[in-house]
There are 4 protein chains.
Amino acid sequence: MVREQKRGEERKERILEAALGVFSRRGYRDAAMDEIAGESETSKGGVYFHFPNKQTIFLALLDRMANLLMKRAEEAIAVEPDPVKRIDAALLVVLKTFGDHRSLARLFLVEAMGAGREFNNKMLEMRRSFAGLITRHLDDAVSEGAIPPLDTNLAGVAWFGALNEVVTHWVLESDPEPLEHQYPALRDLLRRSIGVPQSTQIDNETNGNMA
Amino acid sequence: MVREQKRGEERKERILEAALGVFSRRGYRDAAMDEIAGESETSKGGVYFHFPNKQTIFLALLDRMANLLMKRAEEAIAVEPDPVKRIDAALLVVLKTFGDHRSLARLFLVEAMGAGREFNNKMLEMRRSFAGLITRHLDDAVSEGAIPPLDTNLAGVAWFGALNEVVTHWVLESDPEPLEHQYPALRDLLRRSIGVPQSTQIDNETNGNMA
Amino acid sequence: MVREQKRGEERKERILEAALGVFSRRGYRDAAMDEIAGESETSKGGVYFHFPNKQTIFLALLDRMANLLMKRAEEAIAVEPDPVKRIDAALLVVLKTFGDHRSLARLFLVEAMGAGREFNNKMLEMRRSFAGLITRHLDDAVSEGAIPPLDTNLAGVAWFGALNEVVTHWVLESDPEPLEHQYPALRDLLRRSIGVPQSTQIDNETNGNMA
Amino acid sequence: MVREQKRGEERKERILEAALGVFSRRGYRDAAMDEIAGESETSKGGVYFHFPNKQTIFLALLDRMANLLMKRAEEAIAVEPDPVKRIDAALLVVLKTFGDHRSLARLFLVEAMGAGREFNNKMLEMRRSFAGLITRHLDDAVSEGAIPPLDTNLAGVAWFGALNEVVTHWVLESDPEPLEHQYPALRDLLRRSIGVPQSTQIDNETNGNMA
DNA sequence: GATGAATGAGCATTCATTCAT
DNA sequence: AATGAATGAATGCTCATTCAT
């Protein structure tokens with residue numbers, strides 16, 4: 001029984017992987033359940049046994065990406081005491097994560113937008129939770145006196161948007177250079193935007209290069 | 001003859017208006033040519049007489065929005081001698097333009113993304129041209145000594161993304177407040193991000209914080 | 001499993017039969033997939049599950065007729081040692097086969113011609129293979145000394161055409177008499193055309209003239 | 001007024017020529033009135049002024065070919081006293097006429113067949129009238145004692161079919177040699193089929209080559 | 001006579017989803 | 001659990017024909 005459960009999970013996993021490939025290759029609307037079934041070495045009925053419909057599969061993938069990002073960002077933040085450096089760390093980890101998963105990034109930032117009315121709420125919620133994460137940490141930095149007061153709500157949204165756009169360009173480009181190369185300049189831009197004192201900024205100038 | 005031409009143009013215009021409504025109500029894929037025809041008080045054949053296919057209509061609408069934005073931004077910039085204020089002016093005009101055309105904004109920022117592979121190039125091109133506009137003026141500001149040197153390419157992309165995201169939230173929200181309300185905080189954030197000296201900033205500080 | 005396969009084949013067969021009816025009633029272009037589906041007691045999707053498109057169904061029917069004819073003709077030929085009688089036998093069998101399948105005959109000789117450019121190659125190939133069959137046996141007859149030398153390639157084509165035309169008239173006529181009635185006269189005509197010696201001809205003279 | 005009439009006729013002629021090109025290039029069904037209009041330097045409305053519908057244009061073209069063939073054949077026959085030679089002459093003239101008008105031949109023999117139910121009667125009638133022409137002259141030959149009695153009705157049909165098929169192969173072939181090359185062999189075949197005495201046949205063996 | 005905008009019925013094909021086996 | 005045959009609604013696009021100007 002336990003074995004069967006595992007087999008079930010494996011199958012489910014295979015379906016999700018196949019779906020990721022198909023969705024990011026064809027886009028949400030042009031992805032056919034047939035192709036997802038074929039690519040996951042199942043039958044169409046098999047897919048429908050594990051997922052009630054196409055939308056759910058897409059949403060599961062979206063959630064997976066969101067959780068992956070969130071988790072990694074929180075982890076990176078957790079080990080860093082300095083509020084400003086926390087944000088730097090989170091930024092880097094997000095760039096790295098997207099950079100390693102271009103398909104997921106495309107799904108998340110490109111395909112999900114116009115996938116249909118049904119996804120708008122979900123998208124808004126996700127975007128809000130990312131912006132909220134940023135806002136929260138900016139609030140921390142403000143209350144610790146590391147940066148001057150500002151509209152952190154707006155900053156959260158705007159930062160997410162800036163990041164988003166950089167990644168989107170990278171996703172849409174046919175032959176892009178590694179996403180992480182954008183880190184130093186983006187970090188400086190964002191820091192400045194919230195009035196991080198020059199001194200701190202110099203401190204970290206060194207790690208302009210990363211893996 | 002002139003009258004006929006005008007009639008033709010009017011009909012074309014009616015179709016575009018109807019299409020805008022349908023596209024932004026249903027999304028690109030779920031928009032039916034039938035509905036566009038119905039809403040423009042034409043027949044399906046009539047629509048196809050004026051446009052070769054669905055894609056072309058969508059693209060025409062996208063172009064229209066892009067041109068509208070570009071034109072207004074350039075105009076706002078043209079009358080402003082101070083490089084920093086130029087950017088402020090452009091920002092405001094973009095917020096106002098989107099704010100007045102929520103449907104077009106939705107089309108431009110939300111629906112166009114996942115409309116299909118065929119639109120990706122067009123989208124990238126448009127996003128690049130906006131980012132490029134910003135970059136160009138940032139370069140001017142740098143060369144005039146108004147702001148310190150920075151990676152203006154990245155800044156262009158990031159600014160466009162920030163703006164984009166703010167507008168997108170506003171588009172997806174069910175009951176949003178006027179988009180222009182975001183102007184002061186966004187302006188400050190962006191200014192700071194490029195190291196605009198505090199003094200200039202104080203000038204406009206009046207309409208500062210909002211929740 | 002075997003049962004399922006059989007069910008699948010039955011369904012496919014039903015579709016082909018329905019298609020034959022519809023194609024020969026309406027012609028290739030005016031045949032609607034809807035009608036084929038309806039007549040085969042399936043849904044449109046069902047038809048498309050078994051055949052990728054309309055063209056393929058038509059081609060399958062054409063192939064079926066061609067194979068049926070070829071097979072029967074070869075069989076009739078196989079049991080007959082005398083080269084001239086072989087040809088007589090083949091002729092008779094072709095007339096009988098068409099005579100028993102007026103719809104297929106119409107499809108094969110009338111509808112297939114103007115069905116569209118896509119079918120021209122196929123048609124030419126089929127016509128060539130029939131003409132070739134005749135040519136081959138005429139060659140045999142020549143080499144056995146049963147008939148004098150002649151341009152057997154041309155004769156193959158011409159014979160096929162003669163046969164074709166006789167059948168076509170019969171197909172297009174609103175109230176035709178049995179096709180086989182044409183056999184004796186056609187046989188004599190064809191025999192004479194290749195110079196079959198009178199003696200052999202007399203053998204079968206019995207069922208000679210008809211109006 | 002006379003000039004206008006002439007202009008009208010010219011226009012009509014241009015339309016027919018254009019239609020011939022389009023029909024034989026695309027086939028009856030795939031020929032668009034738009035293209036016919038464009039190619040005849042008229043408007044769609046213009047075409048409809050001169051012809052009530054598409055079918056009529058096609059029929060006019062068919063008639064034209066039929067008349068051309070008939071007329072030339074009758075002419076060739078008229079100047080020839082010997083009944084057997086008459087038939088030879090008609091055959092040659094038909095081969096030449098088709099050979100010089102491959103588009104018309106395609107229209108007449110290929111496209112017309114599957115153009116739709118509406119044309120079947122017309123086609124049958126045309127085929128009958130050609131077969132009838134042959135039959136008539138065979139009857140003459142019989143009554144003059146030039147050939148032995150035979151089923152001339154069938155022979156007419158079969159001959160027309162033989163000729164038809166030879167021309168059809170030539171039409172469908174991608175790179176055919178001149179149609180007239182088939183004349184000598186076809187003539188001999190047909191002669192033999194009606195039992196033309198050997199002597200006559202030898203007489204004409206000379207003109208195996210033609211213009 | 002001519003034009004070309006407009007009409008609208010028609011149609012092949014796709015695809016998410018269901019369900020008997 | 002899994003299969004794959006079957007469903008049927010949905011939709012972009014074509015084109016002969018009409019008719020106001």
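Just so you know, these numbers use all the heavy atoms, side chains as well, and skip hydrogens, waters and symmetry mates. So that the names make sense, note that chain A is the first sequence line, chain B the second, and so on, each numbered from 1.
When distances run from any side-chain atom of B/Ser43 to the nucleotides E/dA2, F/dG12, E/dA6, the shortest one goes to E/dA6. Checking E/dA2, F/dT17, E/dA16 against every side-chain atom of D/Met33, the shortest atom distance belongs to F/dT17.
C/Lys122 places no side-chain N or O within 3.5 Å of a backbone atom of C/Leu62 that could act as its donor or acceptor partner. Side chain of A/Thr42 to main chain of A/Ser40: a donor-acceptor pair is present (N/O by atom type, distance under 3.5 Å, no hydrogens or angles).
For E/dC11, the paired base is F/dG12 (Watson-Crick or G-U wobble, both distances below 3.5 Å). Across the strands present, F/dA20 finds its partner in E/dT3; the criterion is a Watson-Crick or G-U wobble pair with both atom distances under 3.5 angstrom.
Distance, C/Glu118 CD to E/dA12 C1': 13 Å, rounded to whole Å. Between the CZ atom of A/Phe49 and the C1' atom of E/dT21 there is a distance of 16 Å, given to the nearest Å. Between the OH atom of A/Tyr28 and the P atom of E/dC15 there is a distance of 13 Å, rounded to whole Å. For B/Asp34 and F/dT14, the CG to P distance is 15 Å, given to the nearest whole Å. Atom pair A/Lys12:NZ and F/dA2:C1' shows a separation of 16 Å (rounding to whole Å applied). Computed from coordinates, the A/Arg14 CZ to F/dA2 C1' distance equals 12 Å when rounded to whole Å. Look at CD on A/Glu41: it is 18 Å from P on F/dA1, rounded to the nearest Å. The nearest whole Å value for the distance from the CD atom in D/Glu10 to the P atom in E/dG1 is 12 Å.
In terms of phosphate contacts, A/Arg11 brings no side-chain nitrogen or oxygen within less than 4.0 Å of OP1 or OP2 of F/dA1. An OP1 or OP2 oxygen of F/dG4 is reached within less than 4.0 angstrom by no side-chain nitrogen or oxygen of A/Lys44. Checking the phosphate oxygens (OP1, OP2) of F/dA2, a side-chain nitrogen or oxygen of A/His50 falls inside 4.0 Å. Between A/Arg29 and the phosphate of F/dT11, there is no side-chain N or O to OP1/OP2 separation shorter than 4.0 Å.
Toward the 5′ end of DNA chain E lies the nearest nucleotide of B/Val47, the other residue of the pair B/Val47 and C/Pro52 mapping further downstream. The residue among D/Tyr48 and A/Thr42 whose nearest nucleotide of DNA chain F lies closer to the 5′ end is A/Thr42.
A heavy-atom distance below 4.5 Å is found between the side chains of B/Asn120 and B/Arg117. Contact check for D/Ile36 versus D/Phe23: side-chain heavy atoms found under the 4.5 Å cut-off.
Rounding to the nearest 0.5 Å gives a distance of 11.5 Å between CG of A/Leu61 and CD1 of A/Ile15.
D/Ala37 comes within 4.0 angstrom of nothing in the nucleic acid, heavy atoms only.
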